[in-house]
Amino acid sequence: MSAGATGVGSLPGGDAREAARTATGSFEDFPYLPELPARGPGADMIGRSTGLLVDMYAHVEPSGWRISDRPGRDTRRARSWLGEDLDALEEFTQGYTGRLKIQAVGPWTLAAALELHGGEAMLQDAGACRDLAGSLAEGLREHLADVRRRIPGADIVLQLDEPSLTAVLLGRVRSASGYRTYRAVDRQVVEGALRDLFAVHDGEVIVHSCAPEVPFGLLRRAGVTGVSFDFSLLTEREDDAIGEAVEGGTKLFAGVVPGTDGPLSDPGGSVMGVRKLWRRLGLAPGTLAESVVVTPSCGLAGASPAYARAVQAHCVRAARSLADNPE
């Protein structure tokens, strides 16, 4: 079985058709729905995910996204862009069968980013966090059904972006004033909310975080099928958690190729660290290809269009190198 490769989510530029062509052309076996934050508020990851919420709305303030009482221009814009992106993806996936990834922001990163009416993050209000997770679950259910209708042959992989998850667990999310941090959220509460949300999809669910100290153990207990992370931020402290995750069947979406412009090593060199990790953990080299999916280290919104295309092609070649030479 060959190791897979896919993208993380964002691409540079603002042309939905060009982005869909790149995402489906680069990853013929594992395309994804691109995000184009350069278009402005509502196309950014937080705004895009607020557009999915059911009976909960948000608008842009100078400080960021804030909860509103009714849908306004920003909500309409977010939904309209998502529709445009789905139309483009549908056009380039006619007759496609296989894995297809869609992304949304997870409940804890959303709670850390969305402001209540007074300007503080939703994170400080346990009831608001519960309502937000419920609203997101409903919205994702509808979004998944829409993607299934449009691309009936797709085996949908749902990715939840949780770059703030570690900060939420460790009490590192800063308040509106910036002078204090919100209290750490209990691990069981975090895990329970994620488990409930994963239940909206009966296919693969992965969580992506390109922050350090990804909580592999907690995510595995919550029921993820895969964890997507920036491989360069791993330390040997995470070895045990990663070893347990892999042995328990969790896939690693290893972000091994830099997401911003720079020289690319040879494809084999890009996955050298993954091979070393396998040896350190004492795992069988033959399991590499089925356990690892190669990705860029994070989204590609900050890259040049030429580099974004090159990186995605490079990921495919690196995955092939891993499958052909696991030792």
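Numbers for residues simply follow the sequence, beginning at 1.
Ser164 and Ala112 make their closest contact through CB-CB, 4.2 Å (heavy atoms, listed as atom of the first residue, atom of the second, distance). Shown here for Phe198 and Leu160, the closest heavy-atom pair between the two residues is CE2-CD1, 3.6 Å. Annotation for Leu300 and Pro12: closest pair O-CD, 3.3 Å, computed over non-hydrogen atoms. Between Glu238 and Val214, the closest heavy-atom pair is OE2-N, 4.0 Å. Shortest non-hydrogen contact noted between Val292 and Leu322 is CG1-CD2, 3.9 Å. Of all heavy-atom pairs between Ser63 and Glu115, the closest is OG-OE2, 2.8 Å.
Note that CD1 of Ile67 and CG of Leu114 are 4.5 Å apart. Values are rounded to the nearest 0.5 Å. Remark: Leu283 CG to Leu288 CG distance equals 8.0 Å, nearest 0.5 Å. Atoms CG and CG, on Asp44 and Leu36 in that order, are 12.0 Å from each other to the nearest 0.5 Å. Atom CG of Leu140 sits about 12.0 Å away from atom CG of Asp146, to the nearest 0.5 Å. Residue His143 holds its NE2 atom at 10.5 Å from CG of Leu136, rounded to the nearest 0.5 Å. Note: Tyr57 OH to Ser135 OG = 8.5 Å, rounded to the nearest 0.5 Å.
Using modelled atom types, no side-chain atom of Asp155 and backbone atom of Gly98 make a donor-acceptor pair closer than 3.5 Å. Ser49 places a side-chain N or O within donor-acceptor distance of the main-chain N or O of Met45, the cut-off being under 3.5 Å. In this structure a side-chain-to-backbone donor-acceptor pair under 3.5 Å is present from Gln103 to Leu33. Not a single donor-acceptor pair under 3.5 Å links the side chain of Glu90 to the backbone N or O of Ile151. In terms of modelled atom types and a separation under 3.5 Å, the side chain of Ser291 and the main chain of Val246 share no donor-acceptor contact. In this structure, Thr109 contributes its side chain and Gly106 its backbone to no donor-acceptor pair below 3.5 Å. No donor-acceptor pair under 3.5 Å is formed between the side chain of Thr24 and the backbone N or O of Pro31. Side chain of Ser175 to main chain of Arg180: a donor-acceptor pair is present (N/O by atom type, distance under 3.5 Å, no hydrogens or angles). A donor-acceptor pair is defined here as one N or O able to donate and one able to accept, closer than 3.5 Å; such a pair exists between the side chain of Ser297 and the backbone of Gly259. Using a distance-only test at 3.5 Å, with no hydrogens or angles considered, a donor-acceptor pair links the side chain of Thr75 to the main chain of Ala58.
A donor-acceptor contact closer than 3.5 angstrom links the side chains of Ser270 and Ser265. Inspection of the Gln312 and His314 side chains reveals no N or O donor paired with an N or O acceptor under 3.5 Å.
In this structure the side chain of Val105 never reaches within 4.5 angstrom of the side chain of Leu52, judged on heavy atoms. Residues Pro107 and Leu132 form no side-chain contact, since every pair of their non-hydrogen atoms from C-beta on lies 4.5 Å or further apart. Under the 4.5 Å side-chain criterion, counting only non-hydrogen atoms from C-beta, Val294 is not in contact with Val316. The closest side-chain heavy-atom distance from Leu218 to Arg187 is below 4.5 Å. Here the side chains of Val207 and Gln159 are not in contact, with every heavy-atom distance at 4.5 Å or above.
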I'd like to know whether Asp240 forms a side chain to side chain contact (heavy atoms under 4.5 Å, CB included) with Leu281, so could you lay out the CA-CA distance, the side-chain angles of the two residues, the decisive distance to 0.1 Å, and finally the verdict. CA-CA 8 Å; Asp240 288 350; Leu281 297 176; 5.8 Å; no
List the steps and the verdict of side chain to side chain contact (heavy atoms under 4.5 Å, CB included) for Leu100 and Leu89. CA-CA 10 Å; Leu100 167 74; Leu89 186 70; 3.9 Å; yes
Test side chain to side chain contact (heavy atoms under 4.5 Å, CB included) applied to Val157 and Phe30, step by step: CA-CA 9 Å; Val157 176; Phe30 200 167; 3.9 Å; yes
Does the side chain to side chain contact (heavy atoms under 4.5 Å, CB included) test come out yes or no for Thr250 and Leu219, once each step is laid out? CA-CA 10 Å; Thr250 307; Leu219 292 172; over 6 Å; no
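A salt bridge links Glu191 with Arg195: the distance from a Lys NZ or Arg NE/NH1/NH2 to an Asp or Glu carboxylate oxygen falls below 4.0 Å. Between Arg48 and Asp85 there is a salt bridge, with a side-chain nitrogen of the basic residue lying less than 4.0 Å from a carboxylate oxygen of the acidic one. With salt bridges taken as basic N to acidic carboxylate O contacts below 4.0 Å, one links Arg99 and Glu204. Ion pairing between Arg275 and Glu327 fails under the 4.0 Å rule for side-chain N and carboxylate O. Between Glu84 and Arg39 there is a salt bridge, with a side-chain nitrogen of the basic residue lying less than 4.0 Å from a carboxylate oxygen of the acidic one.
One hydrophobic cluster, built from ILVMFWY side chains closer than 4.5 Å, cannot hold both Val274 and Leu233; they sit in different ones. Residues Phe216 and Val8 fall into different hydrophobic clusters, defined by Ile, Leu, Val, Met, Phe, Trp and Tyr side chains chained together at heavy-atom separations under 4.5 Å. One hydrophobic cluster holds both Leu144 and Tyr96 under the rule that ILVMFWY side chains link at heavy-atom gaps under 4.5 Å. Cluster annotation: Leu264 is connected to Phe231 through the hydrophobic network of ILVMFWY side chains, with a link wherever side-chain heavy atoms come within less than 4.5 Å. Following chains of ILVMFWY side-chain contacts shorter than 4.5 Å, one can reach Leu194 starting from Val189, so the two form part of one hydrophobic cluster.
Note: Tyr32 and Phe27 have tilted aromatic rings, judged against thresholds of 30 and 60 degrees for the angle between ring planes.
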Please tabulate, one pair per line, all N/O donor-acceptor pairs under 3.5 Å involving side-chain atoms of residues 222-229, not counting sequence neighbours.
residue : atom : partner : partner atom : Å
Thr225  : OG1  : Val205  : N            : 2.9
Thr225  : OG1  : Val205  : O            : 2.9
Ser228  : OG   : His208  : ND1          : 2.7

Show me the donor-acceptor pairs, under 3.5 Å and distance only, between side chains in residues 121-128 and residues at least two apart or in other chains.
residue : atom : partner : partner atom : Å
Asp125  : OD1  : Gly127  : N            : 3.0
Asp125  : OD1  : Ala128  : N            : 3.0

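The number of heavy atoms from other shown groups lying within 6.0 Å of CZ (Arg73) does not exceed 12. The number of heavy-atom neighbours closer than 6.0 Å to CZ of Arg79, taken from other residues, nucleotides and ligands shown, is above 12.
Legend: residues meeting side-chain contact (heavy atoms from CB on, under 4.5 Å) with Arg17, ordered by chain and number and at least two apart, are Asp15, Arg21, Ala88, Glu91, Phe92.
Checked against Cys315 for a side-chain contact (heavy atoms from CB on, under 4.5 Å), the options Val271, Val257, Val293 give a single hit: Val257. Of the listed residues (Thr166, Leu169, Leu165), just one forms a side-chain contact (heavy atoms from CB on, under 4.5 Å) with Trp108, and that residue is Leu165.
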